[in-house]
Structure formats: structure tokens, C-alpha cells
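Reading through the C-alpha cells given below for one structure.
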Amino acid sequence: PEFDGKFKPPFPGRGYPCWFFKQIGHTLIQDDLECYNMAEIPLTGDDIPGVRFACDLAQCKGACCTMPGARGAPLREEELEEIEKAYPTVRKYLSFRHKDVIEERGLVQGRKGDYTTQVVQNQACVFAFFEDGIAQCAFEKGYENSEIGWRKPISCHLFPIRVDQGVPERLRFQSIAECHPAIELGTKGHVWLSEFLKVSLTRAFGENWYEEFRKYCETRRNGEMTS
């Protein structure tokens with residue numbers, strides 16, 4: 001079908017100018033003659049707009065840094081270089097055991113297109129350390145102390161939203177038992193997941209995309225409340 005309405009792309013400047021275009025595949029047009037590839041817009045899971053969420057570290061103890069499994073946090077290709085650059089600065093925060101694992105197995109694991117952080121004993125991320133009984137990220141600690149300019153892997157920053165690869169990508173809410181206190185705190189404080197993750201979502205997809213996402217979530221919630 002043709003698309004003949006007004007559509008403001010959430011990523012201005014990432015399209016290309018054209019004089020005339022109809023809907024072909026995933027491409028839309030708008031009046032100012034800018035084409036935009038819809039494959040670049042991640043889809044949003046139906047449950048995300050209605051989730052209340054606010055991390056409660058006192059209750060979960062940083063469980064997202066110590067989730068059981070043989071693989072750690074998913075990594076983008078460009079994050080491998082960031083990890084390499086930041087590690088010498090933040091290694092001081094890690095325990096001897098975690099540093100030994102890095103020496104034995106390296107900073108990351110996997111293959112091109114499917115890298116994750118290394119893990120310790122099939123559980124804790126190798127870059128996690130404990131402070132007052134709560135798991136913390138060495139990269140984020142260094143970032144907060146103005147020692148490095150990179151915060152942490154975007155998959156960690158987005159949690160509990162996960163990004164499923166594909167064309168387009170798809171955002172989904174990953175519900176784990178350890179995050180139930182966060183749902184309770186978000187419900188009590190009237191905090192939506194989409195608002196709680198504003199900084200990380202903006203970092204991942206840009207300010208314009210986040211504004212469109214926020215409006216979408218708000219519209220979905222209003223629709224469900226009135227239906």
C-alpha cells in the first residue's frame with residue numbers, strides 16, 4: 001500500500017532526499033521530500049508501555065549483574081574497542097578472581113555478531129564487583145568517577161528491556177523474579193518503565209526516537225485505560 005500522509009522521521013538527517021517516492025518495502029515519504037528507512041526503527045513489545053518499573057537495588061542486590069548463565073551481557077561490535085580502552089582504568093575495582101578469569105579467558109567471548117562479556121563461574125559478569133553487598137559495574141563506577149567517558153554496554157543500560165536482533169530490531173521486556181521489587185517500587189512511585197529508561201533509550205536510539213517512543217507509550221496507555 002501507498003503511504004501518502006505526513007510522517008516525521010524520528011532520526012532527522014539519516015534518510016536521503018528524493019523528489020518523488022511511494023511506499024516500497026520499508027520506506028516512507030513525507031512532505032519535505034525526505035525518505036526514511038523504516039527498517040531502522042525498532043519495534044516495541046506490546047507489554048512495554050504498561051510496565052511500571054524503578055530499580056530497587058536494596059532488594060535485588062544488583063541481580064542483573066549476576067544472572068546465571070554461561071554468557072554475559074550482549075555486546076555491540078563497537079563496544080569491544082570501548083571495553084579494551086576502559087579496562088586498564090577500571091580493573092582496580094575488580095576482585096583478584098575476576099581479574100584472573102580475564103587473564104585466562106579474555107575480556108569477552110563469542111564471535112562476530114554474537115559477542116558477550118565474560119562470566120565468572122557461569123554467573124557474575126566478569127566486570128562486576130560488590131560494594132556493600134550490592135553488585136556494581138566497574139565501567140559505570142569509572143564513568144561516575146569521571147575516569148572514563150564510556151558508561152557501560154548498552155544492553156546493561158537498557159535492562160530490563162532487551163533488543164532482539166532482526167530487521168527491524170525488536171524491544172522486549174524481560175521479566176525476572178529478582179526484578180519484582182522494581183515493579184513494586186515503580187507501581188508505588190507511579191514510574192513507567194519507558195520513563196525510567198529515558199537516559200538509556202535516548203543513548204541507544206537518539207532523542208527524537210525517544211520522544212516518538214514516549215508518545216507511543218502514552219497513547220497506548222491512554223487507549224487501554226479508555227477501552
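Everything numeric here is computed off the predicted structure, so don't read it as measured data.
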Original post:
Between Phe127 and His98, does a side chain to side chain contact (heavy atoms under 4.5 Å, CB included) hold up when you go through it step by step?
Top reply: CA-CA 7 Å; Phe127 302 113; His98 284 223; over 6 Å; no
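- Hydrophobic clustering, defined by side-chain heavy atoms of Ile, Leu, Val, Met, Phe, Trp and Tyr closer than 4.5 Å, leaves Val199 isolated from every other such residue.
- Side-chain heavy atoms closer than 4.5 Å link hydrophobic residues (I, L, V, M, F, W, Y) into clusters, and following such links, even through other members, never connects Leu185 to Ile183.
- With rounding to the nearest 0.5 Å, the separation of CG in Leu197 from OG1 in Thr202 is 10.0 Å.
- A distance of 8.0 Å separates OG in Ser194 from CG in Leu201, rounded to the nearest 0.5 Å.
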Subject >> Step-by-step ring pair (Phe, Tyr, Trp, His ring centres under 6.0 Å) determination, Phe139 to Trp150 >> reply: CA-CA 7 Å; Phe139 295 120; Trp150 182 69; 5.1 Å; yes
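- The shortest distance between side-chain heavy atoms of Val51 and Ser175 does not fall below 4.5 Å.
- Neither side chain, Tyr115 nor Arg111, offers a donor N or O lying under 3.5 Å from an acceptor on the other.
- Smallest separation of non-hydrogen atoms from Cys156 and Ala73: SG-CB, 3.4 Å.
- In this structure, the side chain to side chain donor-acceptor pair (under 3.5 Å) partners of Glu211, at least two apart in sequence or on a different chain, are Arg214.
- Annotation: side chain to side chain donor-acceptor pair (under 3.5 Å) contacts of Asn145 (sequence neighbours excluded): Tyr93.
- Scanning all heavy atoms of the two residues, the minimum distance from Thr117 to Gln109 falls at O-NE2, 3.3 Å.
- Of all non-hydrogen atoms in Ala70 and Asn122, the two that sit nearest each other are CA-OD1, 3.5 Å.
- Annotation for Lys198: atom NZ does not count as buried by contact number, only 12 or fewer foreign heavy atoms lying within 6.0 Å.
- Every residue meeting the salt bridge (Lys or Arg N to Asp or Glu O under 4.0 Å) condition with Asp164, not counting sequence neighbours, appears here in chain and number order: Arg172.
- Side-chain contact check for Ile102 versus Leu94: some heavy-atom pair is nearer than 4.5 Å.
- If you take CD on Gln123 and SG on Cys65, they are separated by 11.5 Å, rounding to the nearest 0.5 Å.
- Rounded to the nearest 0.5 angstrom, Glu184 CD and Cys179 SG are separated by 11.5 Å.
- Other members of the cluster containing Phe159 are Met67, Ile176, with ILVMFWY side chains joined at under 4.5 Å, either directly or via other members.
- Nearest heavy-atom pair across Arg170 and Thr44 is NH2-O, 4.2 Å.
- In this structure, Gly72 and Thr116 approach most closely via the heavy-atom pair N-OG1, 3.3 Å.
- Relative orientation of the Phe213 and Tyr210 rings is tilted, given thresholds of 30° and 60° on the angle between their planes.
- Counting heavy atoms from C-beta on, the side chains of Lys152 and Tyr143 never come closer than 4.5 Å.
- Under the 4.5 Å side-chain heavy-atom criterion for ILVMFWY residues, no single connected hydrophobic cluster contains both Leu158 and Ile83.
- How far CZ of Arg162 is from CD of Gln174: 5.0 Å, rounded to the nearest 0.5 Å.
- Annotation: side chain of Arg97 is in contact with side chain of Gln121 (closest heavy-atom distance under 4.5 Å).
- In the hydrophobic clustering of ILVMFWY residues, with side-chain heavy atoms under 4.5 Å counting as a link, Leu57 and Ile161 come out apart.
- Side-chain contact between His180 and Cys60: absent, with no pair of heavy atoms (C-beta onward) separated by less than 4.5 Å.
- In this view, Phe53 and Phe196 satisfy the ring-ring contact (aromatic ring centres under 6.0 Å, His included) rule, not counting sequence neighbours.
- The side-chain hydrogen bond (donor to acceptor under 3.5 Å, both in side chains) analysis of residues 126-138, with sequence neighbours excluded, yields the pairs Glu131-Lys141.
- Both Ile48 and Phe205 are members of a single hydrophobic cluster when ILVMFWY side chains are connected at heavy-atom separations under 4.5 Å.
- Every residue two or more places apart in sequence or in another chain that forms a salt bridge (Lys or Arg N to Asp or Glu O under 4.0 Å) with Arg151 is listed here: Glu140.
- Rounded to the nearest 0.5 Å, atoms CD (Glu81) and CZ (Arg76) are 15.0 Å apart.
- For Glu79, the salt bridge (Lys or Arg N to Asp or Glu O under 4.0 Å) test picks out no residue, with sequence neighbours left out.
- Under the side-chain hydrogen bond (donor to acceptor under 3.5 Å, both in side chains) criterion, the residue pairs touching residues 60-71 are Arg71-Asp114, with sequence neighbours excluded.
- The shortest heavy-atom contact between Val126 and Leu107 is CG1-O, 4.2 Å.
- Asp100 has its side chain within reach of Glu104: a pair of non-hydrogen atoms, C-beta onward, lies under 4.5 Å apart.
- Every residue two or more places apart in sequence or in another chain was checked for a salt bridge (Lys or Arg N to Asp or Glu O under 4.0 Å) with Arg91, and none qualifies.
- Note: the hydrophobic cluster containing Phe129 also contains Val101 (ILVMFWY, side chain heavy atoms under 4.5 Å, direct or indirect links).
- Residues forming a side chain to side chain donor-acceptor pair (under 3.5 Å) with Lys92 (at least two apart in sequence, or on another chain): Glu147.
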